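Working notes, structure below.
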There are 2 protein chains.
Amino acid sequence: MALTREQLIDTAVDVLSRFGLADLSMRRLARELDVQVGALYWHVKSKQELLVDVAAKLLGSVPRPATPVPAMAPLAIASLLQQLRTALITVPDSAEVIQLAQSMRPDALAPLGWLLEFLQLAGIPREQALFARHLLLNHLLGSIAAHQESQALAGTPEAEGNTAELGLEAFEYGVRVILQGLSLEHAAVGA
Amino acid sequence: MALTREQLIDTAVDVLSRFGLADLSMRRLARELDVQVGALYWHVKSKQELLVDVAAKLLGSVPRPATPVPAMAPLAIASLLQQLRTALITVPDSAEVIQLAQSMRPDALAPLGWLLEFLQLAGIPREQALFARHLLLNHLLGSIAAHQESQALAGTPEAEGNTAELGLEAFEYGVRVILQGLSLEHAAVGA
DNA sequence: ACCTGAACACCGTTCAAGT
DNA sequence: ACCTGAACACCGTTCAAGT
């Protein structure tokens, strides 16, 4: 049966999850799917386009939180960020893939749209909500990348629980700091 | 006269500044320096090692601010971040290069050491100062990358001052939010 | 419509051998 | 000490030709 775009994306997600971005080449994908490299380009315009779909699939399992009342918006934001983190933290180089997708097609990642929505709901004007989202996103992706690096360098898994919790702690600290800073900058949030 | 490591680094900075990271290959460098590719590997262990030195050179022009009294630490931090931004904003893909250097050799970039120092001076305990620095760094590099992307997509330089100021505004907004959030999280800062 | 075969124009790294 | 020549094992993308 003929190769499908879905199959191509699924295989890409699989190779990424198991071996990382360095091993995710078009040639590797072709080998994995038992076709010639050229065949892939009938289903997909370029590797970058494929990676956008990979990013969307990585975030596909994140459910949309219920729309909060304004006073609860910061909580909804924090929990959405947590969910995004858990969806990405086990996939090597996922931060890089999301960043690329976000820069290529800013509307391709639905959960990031919700994030903007909740920030505005919290009383932040649109333009500044865009800045604020950038801030939160840079922190999310940055802390995921840092955590994965530190694990990669760890080598022998001595005290692995230790570094894993440290990564989570750093993430939550940053979210707290940013949300507090935002509520100071925009009076509308507090209760 | 023989090729030197300095020459190699300088040429790399030059190619990066003019053409970006995609064009910064060992083979391109060799062509530029009129040697064979192999020659480069006598002066440098790997491309990654070279990029660490490139990153250090990019930040080499940033002067160390005078050590502030604790109450002035946030100001010193904000001005150091500004200087880092101006050093990097004109160099394509500089954020990526800094991030790589920072992950390969966390002590190679002196100004980032100063940043940690000032955060502790502001009354933030060491461990959390490390998180806070990450937060500021992710914002700095993220906003530089975003600004350069938006310029790349702009194509025709219509209303170029507009987007340039928008990038600066987003950057300053983020720094403000983070510093305010930090001062809320750590009581020691206010005057 | 979907894929093969083969090419084009590249990569980073290594290393015997030269000077 | 410093560099060349040549190889090894890869890349992403294109495209005539096949089925």
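Since the model is a prediction, treat every value here as computed from it, not as a measurement. First the proteins, then the strands, lettered A, B, ... as listed; each starts at 1. Below, each value reflects all heavy atoms present in this structure, side chains not excepted, and no hydrogens, waters or symmetry copies.
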Counting only heavy atoms not in M72(A), do more than 12 fall under 6.0 Å of its CE?
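Open.
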Validation row: H147(A), F171(A) side chains within 4.5 angstrom (heavy atoms)
no
So do the side chains of V97(A) and L88(A) get within less than 4.5 Å of each other, counting heavy atoms only?
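Answer no - side chains too far apart.
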Among dT13(D), dT13(C), dG5(C), the one nearest S46(A) by side-chain distance
dT13(D)
The side chain of Q36(B) is closest to which nucleotide in this list: dT4(D), dC3(D), dT13(C)?
dT4(D)
Give one of base, sugar-phosphate or nothing for A39(A), where a contact means two heavy atoms less than 4.0 Å apart.
base
Starting at atom [atom1] of [X], determine the distance to atom [atom2] of [N], rounded to an integer number of angstrom.
| X | N | atom1 | atom2 | result |
| --- | --- | --- | --- | --- |
| M26(B) | dA9(D) | CE | P | 21 Å |
| L50(A) | dC11(D) | CG | P | 15 Å |
| D23(B) | dA9(C) | CG | C1' | 13 Å |
| R28(B) | dA9(C) | CZ | C1' | 15 Å |
| L40(B) | dG5(D) | CG | C1' | 14 Å |
| R5(B) | dC2(D) | CZ | P | 13 Å |
| W42(B) | dA16(C) | CH2 | P | 17 Å |
| R27(B) | dT13(C) | CZ | P | 11 Å |

Spacing of the P atoms in dA9(C) and dC10(D) (rounded, Å):
22 Å
Would you call the rings of H186(A) and Y173(B) parallel, tilted or perpendicular, taking 30° and 60° as the class edges?
tilted
dC3(D) phosphate, OP1 or OP2: any side-chain N/O from H43(B) under 4.0 angstrom?
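For dC3(D), OP1 or OP2 has a side-chain N or O of H43(B) closer than 4.0 Å.
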Quick one: is Y41(A) getting a side-chain N or O under 4.0 Å of the dT13(D) phosphate, OP1 or OP2?
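Yes, within the criterion.
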Does dG5(D) have a Watson-Crick or wobble partner in any strand here, with both distances under 3.5 angstrom, and which is it?
dC15(C)
Let me know, please, whether S25(A) or V35(B) comes out on the 5' side of the other along DNA chain D by nearest nucleotide.
V35(B)
Using salt bridge (Lys or Arg N to Asp or Glu O under 4.0 Å), reason through E172(B) and R85(B) one step at a time and then give a plain yes or no.
CA-CA 11 Å; E172(B) 286 175 338; R85(B) 197 187 109 103; over 6 Å; no
